[in-house]
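Encoded as structure tokens, the structure appears first; notes follow it.
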Amino acid sequence: MSKQPAKLPVLSVCPTSDFKFEELDKRDPGSLRIFKSNEPNLGLDFSIDYYPDEGVVYGGEYWAQTWTPDNPREWEEIQHNIPQVLSWLSDCQTALAWARRHYPARKEA
């Protein structure tokens, strides 16, 4: 399997360097980290991996953070970051759709 099979999609806030194409596990030949990104404003991570026996696998994490906005300015900062977070989520969805188009589905037994 080619490491980078096709032209990458255009993303709005995620840098191209979020597409990794790195080997994941030497014990699982062909396994690949396709994409990994984080959204620091709300502490979100998202990754897309490929395993020959499973196909495209994806998931996200939330960094356990606590918000205790004590004044209007802190609330404004959270609200100000929401458009960035929505753009990031859209980029993750675009990257996942791209990965599903360019990497084969799970092998059937």
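Here, residue 1 is the first one in the sequence, and each next residue gets the next number.
- Atom CG of Leu8 and atom CG of Asp18 lie 11.0 Å apart (nearest 0.5 Å).
- When hydrophobic residues (I, L, V, M, F, W, Y) are linked wherever their side-chain heavy atoms come within less than 4.5 Å, the members clustered with Leu24 are Tyr51, Val57.
- Looking only at distances, a side-chain donor or acceptor of Asn71 sits under 3.5 Å from a matching main-chain atom of Glu74.
- Remark: Pro83 engages no residue in a side chain to side chain contact (heavy atoms under 4.5 Å, CB included) (not counting sequence neighbours).
- In the displayed structure, Glu61 atom CD is contacted under 6.0 Å by at most 12 heavy atoms of other residues, nucleotides or ligands.
- Taking CG from Asp28 and CD from Glu23, the interatomic distance works out to 9.0 Å, rounded to the nearest 0.5 Å.
- Shown here are the side-chain hydrogen bond (donor to acceptor under 3.5 Å, both in side chains) partners of Arg100, two or more places apart in sequence or in another chain: Tyr58.
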Test side-chain contact (heavy atoms from CB on, under 4.5 Å) on Val85 and Leu44; report intermediate values, then the result. CA-CA 9 Å; Val85 172; Leu44 304 171; 4.3 Å; yes
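- Between Phe19 and Trp98, the ring-plane angle classifies as perpendicular under the 30° and 60° cut-offs.
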Which pairs would a plain distance check flag for residues 89-97, meaning a side-chain donor or acceptor within less than 3.5 Å of a matching protein atom at least two apart in sequence or in another chain?
| residue | atom | partner | partner atom | Å |
| --- | --- | --- | --- | --- |
| Asp91 | OD1 | Ser12 | N | 2.8 |
| Asp91 | OD1 | Ser12 | OG | 3.1 |
| Asp91 | OD2 | Ser12 | N | 3.1 |
| Asp91 | OD2 | Val13 | N | 2.7 |
| Asp91 | OD2 | Cys14 | N | 2.8 |
| Thr94 | OG1 | Ser90 | O | 3.0 |

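- The salt bridge (charged side-chain N to carboxylate O under 4.0 Å, His left out) analysis of residues 39-52, with sequence neighbours excluded, yields the pairs Arg33-Asp49.
- Rounding to the nearest 0.5 Å places CG of Leu86 at 11.0 Å from CG of Asn81.
- Here the CZ atom belonging to Phe21 is positioned 10.0 Å from the CZ atom belonging to Phe35, to the nearest 0.5 angstrom.
- A continuous path of Ile, Leu, Val, Met, Phe, Trp and Tyr side chains, each step under 4.5 Å between heavy atoms, connects Trp88 with Tyr62, placing both in one hydrophobic cluster.
- Here CD of Glu22 is found 11.5 Å from OG of Ser31. Values are rounded to the nearest 0.5 Å.
- In this structure, CG in Leu42 is found 5.0 Å from CD1 in Ile82, a value given to the nearest 0.5 Å.
- In terms of heavy-atom proximity, Asn41 sits nearest to Gln84 at ND2-CG, 3.5 Å.
- Residues forming a side-chain hydrogen bond (donor to acceptor under 3.5 Å, both in side chains) with Ser87 (at least two apart in sequence, or on another chain): none.
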